[in-house]
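In what follows, a single structure is set out as structure tokens and then discussed.
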Amino acid sequence: MTVRTRFAPSPTGYLHIGGVRTALFNWLFTRHHGGQFILRIDDTDQQRNVAEALAPILHGFRWLGLNWDEGAEVGGPHGPYHQSQKTARYQEAARQLVECGFAYYDYATTEEIAGEREAAEKEKRSFVYSRRWMAATPAERARFEAEGRKGVLRLNMFREGACRFTDLIRGDVSVDWAREQDHVIQRADGTCLYHLASVVDDEDMKITHVIRSEEHLSNTPRQIFIAQGLGYELPQYAHLPYVAAPGGKEKLSKRKIAQYLKNPEFKKVYEHGHAIAEAVGLHTSADTFNPVIVDFYEQVGYLPDAILNYLVLLGWSLDDKTEFFSRDEMIRLFSMERVNKAPASFDPKKLFSFQERYMMQLPVEEKTAMCLPYLQKAGLVAAGSVEVTAKVKAMVAAAGDRLKVAGDILEYRDFFLPDDQVVDNADPGTFEKRLKKPPEAAGLLRKFRDRLASATAFDAASLEALMNDFVQAEGIQVGQIIHAVRVAVTGKAVGFGLFETLALLGKEHSVARIDRSLERL
RNA sequence: GGCCCCGUCGUCUAGAGGUCUAGGACACGGCCCUUUCAAGGCCGCGACACGGGUUCGAAUCCCGUCGGGGUCACCA
């Protein structure tokens, strides 16, 4: 039997990180077993602008490299893959349920149902619909309709016995049928609801394993009821623990961003990303730009592999030591048996540390390609000429491990700014400490400047040799000059290695910046 | 509130009765390296929710308590 799984987002306009974790587990399980992964669109609720709300989700999947074999945009033999296009099919299934006695027409108003519910609550018993407005025959239907009532279709749920099934993660599950309501499966206007649609689709698409978040655990009995009523063979179920909020246990939600921002680590990751987004002129409302949404990571310049590696560890582990997995390793090693039952909270700082590691391993060429667009969007370089690419590549090489995400290249924008501007914006405290205060600084800097001006080679190694000669000739410690030069040339106390910095700047700019600094002393 | 689920360092986790004075990772603190920063190296801090059983022996099994969470739609 070929394993077939699905992820079924509704078009909400964004891709939630918890959703990705669920999708990832589906994807890994499927790839591990050599099956097919289907991306179905749950849009029964007839939203407007489905295409628009769907685009970011599909884009996110593609960016992450979670490919699907059938579904939205790619099609396949078991379509359509949009629930909105299967209205007739669901109605047919609903009719079949009525015929077999698993569903009935009901004419209660919303208020009447609410009234029964309140009464039950008042008497402290659990609510079960009385079926007072149930229409068992066509004649009764006609009578209710003559009163002007509108009929919906409800499940004719069992009122005794228990629903039992085995969940791949939670083990044997048993729920009394009496706890289940006569859920509505079709509205008065003929449109069908999620549970019916979902069960029918799983059948039509030959889904063998329903792997989803545990919020759906309580939906399972009613879906089993529908499936059995329709004579379908049941899929295997696996209910994953949900992804919890940073430092908490409640479900991760994009709306609670304000609360998460009180968590210092979350805040740090958010602000780091925010600064980059601002610099490239991105619209950053908390609604769309937010570490709970995958798009955040793409905008800031994270690596998809790092994100997936972090996410696979949220509720799954191989052993007591292994933390890094390539995609192939993940696929090979993943198993549902090692999925945890307890929710795992989302820790953006740990995600960031995976990002750091993956970034370190990335070849300079690839980092350069990732960084270039940020410099372009920030208006610092023109679109990729050979010279620009070469310069950025040299910067990326000099930056080494300092670039944690691609957008970090913007921290080094000073290389593209006018010399005077950089010097004039020098950090006052640093300028004071390294240039003004030490009595010998100005003199040494002037002499060093002259050496630079007459240097014949301006690569990092030659500059280091030049520095060594200078230090020896003057009989000073390297620390007496090197900090002064750094500040004179960058206005800052921190940055790349000094010789790389000078080489990157070139002789002309290096000397110009020193001159400008000397003027300000 | 009913029903259900979960409970090992702050966080992600290893742990299926003795190998646990509970292991790894992130974060945090300290030291070292060092032209700054980053990286790296070393060290440290830090958990079996609690109470009863069962057993020669329990983080592991059972019961209870407490705590946290999910879910109770003509949403998906």
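What you see is a predicted model, and the numbers here were worked out from it, not measured in a lab. Residue numbers start from 1 in every chain, and the chains themselves are labelled A, B, ... in the order their sequence lines are given, proteins ahead of strands.
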Pick base, sugar-phosphate or nothing for [X], based on heavy-atom distances below 4.0 Å to the nucleic acid.
{"X": "A:His195", "result": "base"}
{"X": "A:Ala245", "result": "nothing"}
{"X": "A:His239", "result": "nothing"}
{"X": "A:Lys124", "result": "nothing"}

With the sugar-phosphate defined as primed atoms, P, OP1 and OP2, and the base as all remaining atoms, what B/S/- string results for nucleotides 33-44 of chain B, 5' to 3', for protein heavy atoms under 4.0 Å?
--BBBSS-----

What is the per-nucleotide protein-contact pattern of nucleotides 3-12 of chain B, from the 5' end, where B denotes a base atom under 4.0 Å from a protein heavy atom, S denotes such proximity for sugar-phosphate atoms only, and - denotes neither?
S-SSS---SB

Could you pull out all residues at least two apart from A:Glu180 that satisfy side chain to side chain contact (heavy atoms under 4.5 Å, CB included)?
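Partners of A:Glu180 by the side chain to side chain contact (heavy atoms under 4.5 Å, CB included) criterion, ordered by chain and then number, come out as A:Met157, A:Trp177, A:His183, A:Pro221, A:Arg222.
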
Between [Y] and [X], do the side chains contain a donor N or O and an acceptor N or O under 3.5 Å apart?
{"X": "A:Arg212", "Y": "A:Thr220", "result": "yes"}
{"X": "A:Tyr194", "Y": "A:Asp42", "result": "no"}
{"X": "A:Tyr107", "Y": "A:Glu145", "result": "yes"}

Does [atom1] belonging to [X] count more than 12 external heavy atoms closer than 6.0 Å?
{"X": "A:Gln477", "atom1": "CD", "answer": "no"}
{"X": "A:Lys249", "atom1": "NZ", "answer": "yes"}
{"X": "A:Arg131", "atom1": "CZ", "answer": "yes"}

[N] to [M] separation - [atom1] atoms, rounded to the nearest Å:
{"N": "B:rU35", "M": "B:rC26", "atom1": "P", "answer": "27 Å"}
{"N": "B:rA27", "M": "B:rG46", "atom1": "C1'", "answer": "11 Å"}
{"N": "B:rG18", "M": "B:rU60", "atom1": "C1'", "answer": "11 Å"}
{"N": "B:rG64", "M": "B:rC72", "atom1": "C1'", "answer": "27 Å"}
{"N": "B:rA47", "M": "B:rC9", "atom1": "C1'", "answer": "4 Å"}
{"N": "B:rU19", "M": "B:rU34", "atom1": "C1'", "answer": "43 Å"}
{"N": "B:rC6", "M": "B:rC48", "atom1": "C1'", "answer": "15 Å"}

Between the side chain of A:Asp176 and the main-chain N/O of A:Arg179, is any donor-acceptor distance below 3.5 Å?
no

Base of B:rG70 and ring of A:His216 stacked, centres under 5.5 Å, planes under 30°
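It does not: the two rings, one from A:His216 and one from B:rG70, miss the stacking criterion.
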
Quick one: which protein N/O atoms are closer than 3.5 Å to N/O atoms of nucleotides 15-21 of chain B? Pair and distance per line, please.
unit_1: B:rG15; atom_1: OP1; unit_2: A:Arg338; atom_2: NH1; d: 3.1
unit_1: B:rG15; atom_1: OP1; unit_2: A:Arg338; atom_2: NH2; d: 3.4

Ion pair A:Lys86/A:Asp201, N-O distance below 4.0 Å:
yes

Under the side-chain hydrogen bond (donor to acceptor under 3.5 Å, both in side chains) rule, what pairs show up with a residue in residues 165-174 of chain A, not counting sequence neighbours?
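Passing the test, one end in residues 165-174 of chain A: A:Arg164-A:Ser174, A:Thr166-A:Asp172, A:Asp167-A:His239.
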
Answer yes or no: does a side-chain N or O of A:Arg117 lie under 4.0 Å from OP1 or OP2 of B:rA73?
yes

Would you please confirm or rule out a distance under 4.0 Å between OP1 or OP2 of B:rU71 and any side-chain N or O of A:Arg222?
no

ring-ring contact (aromatic ring centres under 6.0 Å, His included) partners of residues 462-487 of chain A, not counting sequence neighbours, each pair once:
A:Phe448-A:Phe470

Verdict with supporting geometry, A:Arg187 and A:Thr191, side-chain hydrogen bond (donor to acceptor under 3.5 Å, both in side chains)
CA-CA 5 Å; A:Arg187 298 183 180 94; A:Thr191 57; 3.0 Å; yes

